[in-house]
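Below: the structure, in structure tokens.
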Amino acid sequence: MKKIKRRTFLKGAAALSAGGIVLKGITDSGFSYAQEVQASRSPLGISDDLPNPPELRSVDGQLRAQIYMSYNKVELPSGTALLRNFNNSLPGPTLRIDPGDTLELAFENRMPENAPDQPTEVNIPNHFNTTNMHYHGFHVSPKGNSDNVYLNIKPDQKFNYVVEIPDDHPAGSYWYHPHRHGSVSAQVASGAAGMAVITGTLDDVPEIKEAVERVLVIQAPIPGVDGILDAEDPIWPLDAERDFLVNGEYKPRIYIREGEVQRWRILHAGDAQFFPFKIDGLEIYEIGRDGNPLPKAQRREEIHLAPGNRVDVLVKGIKAGAYELRRPKFNQGKEPLPSVELANIFVIPKDDPRVPAGTPFGHAIPQGDLPKNKILTDITDDELTGHRKIVLGEEDVKGFFDDTLFTINGEPFDPRRDDVVSKVGAVEEWTLINTTPYPHPIHIHVNPFQVRSINGVPDPDKPWMDTIGVPAAGSVTFRTRFLDFSGRYVMHCHILPHEDTGMMINVNIEA
């Protein structure tokens, strides 16, 4: 992290571990903290290699830390900007926890008061400095001070999150970001996001365990016209010009040794544009999607990420030389988007002297079946208790932002209305039908789903996901179990300006 407050050391105990500094103690405000702090650093120990973000790791079954959102001055390719960030970090610190842990975050909104005369209609973007936190992909309670996205944490307010991670929680790559309806798009477009890792499953596969791990957070921060982003206009067009960053850096250098296999956890934390990517000249093997393992490691020429998706890949350096991680040009529905160079990759000699002795070196790609997360078993026909059809739409309505209102089943979001009501233990199949001319990445909270088909074509992998791109004028069918947790939560489009302008519903799971 950029700095640790002096008072942390005055009232706590610090000890070195193999991973970083273990901190335990009590702050001046009375908050008890327990965390292992891992500084931002290159996985290969090379000075100009892209560093992983800083990390906060759990200690003895608990991760207790302070997280705040504030304005942060950042140098972007377009110039100096004020961004809304977590802990003055772009991206925010990675949270690394184990199944069965308790995640306790003392959250503080340090942003200034909202501008006066804000819109009162719920589906017009508003109150950009009121916020909350969402634990994207976590299978945890949506109630109270857990993953509750109905909270409104106003400027100068504090809130204590306590998130109990189940012992059998699926392991994988997750993330956290603001989710206060009306301001979520502006805050995520400012860079307020961070990776969250729940350990296990793939981590113990021998070929993966021996590889160095990279955490890559893709973001496209957009400054406001006069510094801080305080209007939706700059992020509204799907083809708005964006400078994509990786771990806060523009076109960084990434090193991999000749013959080496590295594990990359990649998070698409952008607000709107899809991100298919490829690396010509290197081998890419997909091993997990949205944190959940695929049946086998699969060679890919191109990997498609929707906003909100995560992917775990193994990357193999074949021959020494310079390569590019890039997004080829493509059409996002009716919107043509240009090619983007994301990072410069350099395959260096296997024995490059800049790499410290003892640095891990991955040698191979797993050839057999990958281990499953034990609770994510195939959903069979005889297990189903219900079916639903859900229609994604768009309407021209005067008085809303850009005279546009996005809908689900013909209705814009209403926080007072229950759109889906079901029971704990129910198992349902949903078909999402997109009537608009561009794709929508649909994310559902709390419970992951198993993809069955896209545009009527069965997916042979039947992957477990929490965010799926529904093609323009197309459809997706998935199945989901409502396990463990009752309460209200949401399903919405992760093109976040669409969410803020109506494309979200409430799901109420009754005990």
Side-chain angles (χ1 to χ4, degrees), residues 1-5 8-9 12 14-25 33-46 49-69 72 85-107 133 135-138 161 163 165 169 171-177 191-203 208-209 211-219 245-249 252 254 262-267 269 288 291 310 312 356 359-360:
M1 302 179 71
K2 289 188 175 180
K3 64 179 181 179
I4 300 171
K5 290 188 177 180
T8 298
F9 292 100
L16 291 176
S17 76
I21 301 175
V22 176
L23 300 174
K24 292 184 178 181
Y33 56 88
Q35 58 196 274
E36 180 181 311
V37 179
Q38 176 70 67
S40 176
R41 66 182 182 185
S42 156
L44 293 184
I46 299 177
D49 180 35
L50 177 70
N52 285 338
E55 281 197 5
L56 304 177
R57 300 180 178 182
S58 61
V59 177
D60 298 330
Q62 296 178 315
L63 174 52
R64 299 196 304 271
Q66 291 183 302
I67 296 287
Y68 60 89
M69 186 185 290
N72 182 27
N85 291 161
F86 291 121
N87 289 22
N88 286 340
S89 180
L90 181 67
T94 298
L95 308 178
R96 191 177 294 262
I97 52 182
D98 301 324
D101 281 355
T102 297
L103 174 65
E104 185 174 351
L105 298 178
F107 179 77
M133 288 184 68
Y135 305 93
H136 185 124
F138 282 29
Y161 283 95
V163 183
I165 312 297
H169 193 290
S173 302
Y174 302 95
W175 64 302
Y176 62 95
H177 62 84
M195 180 77 85
V197 173
I198 298 180
T199 62
T201 316
L202 287 176
D203 305 340
I208 299 173
K209 190 174 184 178
V212 300
E213 178 184 299
R214 290 189 182 274
V215 172
L216 304 177
V217 180
I218 301 172
Q219 297 174 285
L245 310 180
V246 186
N247 296 352
E249 295 192 17
I254 296 175
Q262 295 185 354
R263 182 202 187 155
W264 293 9
R265 297 180 184 266
I266 304 175
L267 159 63
R310 290 86 61 214
D312 281 50
T359 300

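- Listed here is the closest heavy atom pair of Glu249 and Pro51: OE2-CD, 3.5 Å.
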Quiz item: Under the side chain to side chain contact (heavy atoms under 4.5 Å, CB included) criterion, do Gln66 and Leu105 qualify, and how do the steps go?
Solution: CA-CA 6 Å; Gln66 291 183 302; Leu105 298 178; over 6 Å; no
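- A distance of 6.5 Å separates CG in Leu50 from CG in Leu216, rounded to the nearest 0.5 Å.
- Considering all non-hydrogen atoms of both residues, Pro99 and His169 come closest at CG-O, 4.0 Å.
- Here Ile46 contributes atom CD1 and Arg41 contributes atom CZ; the two are 14.0 Å apart, rounded to the nearest 0.5 Å.
- For the pair Met69 and Ala192, the tightest heavy-atom approach, listed with the atom from each and the gap, is CE-CB, 3.9 Å.
- When the side-chain hydrogen bond (donor to acceptor under 3.5 Å, both in side chains) test is applied to Gln262, the partners found at least two apart in sequence or on another chain are Arg214, Glu260, Trp264.
- Evaluation of the side chain to side chain contact (heavy atoms under 4.5 Å, CB included) rule for Ala269 yields Trp175, Ala193, Val217, Gln219, Leu267 as partners, not counting sequence neighbours.
- The CG atom of Leu103 sits 11.0 Å away from the OH atom of Tyr161 when rounded to the nearest 0.5 Å.
- With rounding to the nearest 0.5 Å, the separation of CG in Asn247 from CE in Met195 is 8.5 Å.
- The line from CG of Asn87 to CG of Asn85 is 9.5 Å long, rounded to the nearest 0.5 Å.
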Exercise. With side chain to side chain contact (heavy atoms under 4.5 Å, CB included) as the test, would you mind laying out the steps for Met133 and Phe86 before giving the verdict?
Key: CA-CA 10 Å; Met133 288 184 68; Phe86 291 121; 4.2 Å; yes
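- Counting only heavy atoms from C-beta outward, the side chains of Ser40 and Pro53 never approach each other to under 4.5 Å.
- Residues satisfying the side chain to side chain contact (heavy atoms under 4.5 Å, CB included) criterion with Asp101, sequence neighbours excluded, are Ser58, Ile97, Asp98.
- With sequence neighbours left out, Pro360 forms a side chain to side chain contact (heavy atoms under 4.5 Å, CB included) with Val212.
- The distance between the ring centers of Tyr176 and Tyr135 does not fall below 6.0 angstrom.
- Using a 4.5 Å heavy-atom threshold, the side chains of Asp49 and Pro43 count as touching.
- A donor and an acceptor atom, one from each side chain of Arg265 and Ser173, are located under 3.5 Å apart.
- In terms of the side-chain hydrogen bond (donor to acceptor under 3.5 Å, both in side chains) criterion, Thr94 has no residue partners (sequence neighbours excluded).
- Between the Gln35 side chain and the Arg64 main chain, a donor and an acceptor come within less than 3.5 Å of each other.
- In this structure, CG on Leu56 lies 6.0 Å from CG on Leu95, to the nearest 0.5 angstrom.
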Practice problem: Take Asp203 and Arg96 through the salt bridge (Lys or Arg N to Asp or Glu O under 4.0 Å) test and state the conclusion after the steps. | Solution: CA-CA 13 Å; Asp203 305 340; Arg96 191 177 294 262; 5.7 Å; no
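- By the side-chain hydrogen bond (donor to acceptor under 3.5 Å, both in side chains) test, Thr102 is found to be paired with Glu164, residues two or more places apart in sequence or in another chain being considered.
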Quiz item: How far apart are the C-alpha atoms of Leu44 and Thr359, what are their side-chain angles, what is the distance that settles it, and do they pass the side chain to side chain contact (heavy atoms under 4.5 Å, CB included) test?
Solution: CA-CA 7 Å; Leu44 293 184; Thr359 300; 4.0 Å; yes
Quiz item: Yes or no on side chain to side chain contact (heavy atoms under 4.5 Å, CB included) for Arg263 and Leu202, after CA distance, side-chain angles and deciding distance?
Solution: CA-CA 10 Å; Arg263 182 202 187 155; Leu202 287 176; 4.0 Å; yes
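- Closest of all the heavy-atom pairs between Glu213 and Asn52 is O-ND2, 3.0 Å.
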